[in-house]
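Side chains included, hydrogens not; waters and symmetry mates left out as well; all remaining heavy atoms used. Start at 1 and go down the list; that is how both ligands and their atoms are numbered.
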Amino acid sequence: MDLVSIRKSYRRYARHYDATFGRVFATGRASARETLAPVSGKRILEVGVGTGISLPDYPDDCEVVGIDVSREMLEVARGRLNGGLPAVSGLCEMDAEQLGFADNSFDAVVAMYVATVVPNPDALFAEMWRVCRPGGRLLVVNHFASQQWLLRGVERCLRPLSKAVGFRPDMEYEDFVRVTGQEPCMVAPASLFGYWKQVEFRKPV
Ligand SMILES: C[S@@+](CC[C@H](N)C(=O)[O-])C[C@H]1O[C@@H](n2cnc3c(N)ncnc32)[C@H](O)[C@@H]1O
């Protein structure tokens, strides 16, 4: 997977994304919303914000910045702002693997359904960790490699097709642990049967 093919795919998806994936990913977004329970004054970075489908979930009194590498997905997200979303302070075209923010600048950093589609998840994790402040929270909602041996084997076999299917089927959340040196404080299902999970980390103070 590379940025050129990712941009090309999401250019195609942008107009139909919400109709196609809106419901599929709704449970995961709802669980992330409950976990984060964003409150007044909190500065939140949503990485891979896409069409901004989750933006209406943030209460008006927090400050949300969304970034995405796809201009067309962001255009849809910007369209939502016309409806009035006071929590959103910025939407930027940016590569999640090279975030243009200072160290320790957000209270929470969230990525939903993004980690398996970026070219280099280690760089994504390192950047999310860098911009999260000490004591801050990092939440990833994604599919991670199955713990069930048969499914795990199937996912391994599908790995060479990652580029064709547009996502990495066998990413481990332990990769995050390896990059940051932190164990998650929570791993919980984010969909029926736990195909998608939410994994939360806290950055030590
Ligand atoms: C499956 S969509 C998820 C969108 C949204 N988070 C949601 O919950 O529906 C993946 C998003 O990640 C974005 N993306 C992929 N690679 C990226 C990168 N390196 N930097 C920033 N965004 C990226 C894509 O453009 C796309 O909008």
heavy-atom search around atom 24 (C) of ligand 1 in the protein gives Asp68 OD1, 3.5 Å
Show, in sequence, the C-alpha distance, side-chain angles and deciding distance for Asp107 and Arg133, and conclude whether the salt bridge (charged side-chain N to carboxylate O under 4.0 Å, His left out) test is met. CA-CA 6 Å; Asp107 298 302; Arg133 71 162 170 81; 2.6 Å; yes
closest protein heavy atom to atom 16 (N) of ligand 1 is Val118 CG1, 3.6 Å
Does Leu3 come within less than 4.0 angstrom of ligand 1, counting non-hydrogen atoms of the residue? yes
Where do Arg130 and Glu127 land on the salt bridge (charged side-chain N to carboxylate O under 4.0 Å, His left out) test, with the steps shown first? CA-CA 5 Å; Arg130 180 182 69 75; Glu127 280 295 85; 2.8 Å; yes
Where on Thr51 is there a heavy atom closer than 4.0 Å to ligand 1, on the side chain, on the backbone, on both, or on neither? neither
What is the closest protein heavy atom to atom 20 (N) of ligand 1, and at what distance does it sit? Ala96 N, 2.8 Å
What protein heavy atom sits nearest atom 7 (C) of ligand 1, and how far away is it? Tyr17 OH, 3.5 Å
Name the option, out of Pro121, Gly50, Gly48, that contains the heavy atom nearest to atom 6 (N) of ligand 1. Gly48
Heavy atoms of other groups near Arg15 CZ, more than 12 under 6.0 Å: no
Write out the residue and atom name of the closest protein heavy atom to atom 23 (C) of ligand 1, then the distance separating them to 0.1 Å. Val69 CG1, 3.6 Å
For Tyr113, is at least one N or O under 3.5 Å away from an N or O on ligand 1? no
Given that the side chain starts at C-beta and the backbone is N, CA, C, O, which of these parts of Val47 lies under 4.0 Å from ligand 1, counting heavy atoms, or is it both or neither? neither
Write out the residue and atom name of the closest protein heavy atom to atom 15 (C) of ligand 1, then the distance separating them to 0.1 Å. Ile6 CG2, 3.5 Å
Touching ligand 1 at all, Met94? Heavy atoms, strictly under 4.0 Å? yes
Identity and distance of the protein heavy atom lying nearest atom 19 (N) of ligand 1: Asp95 OD1, 2.9 Å
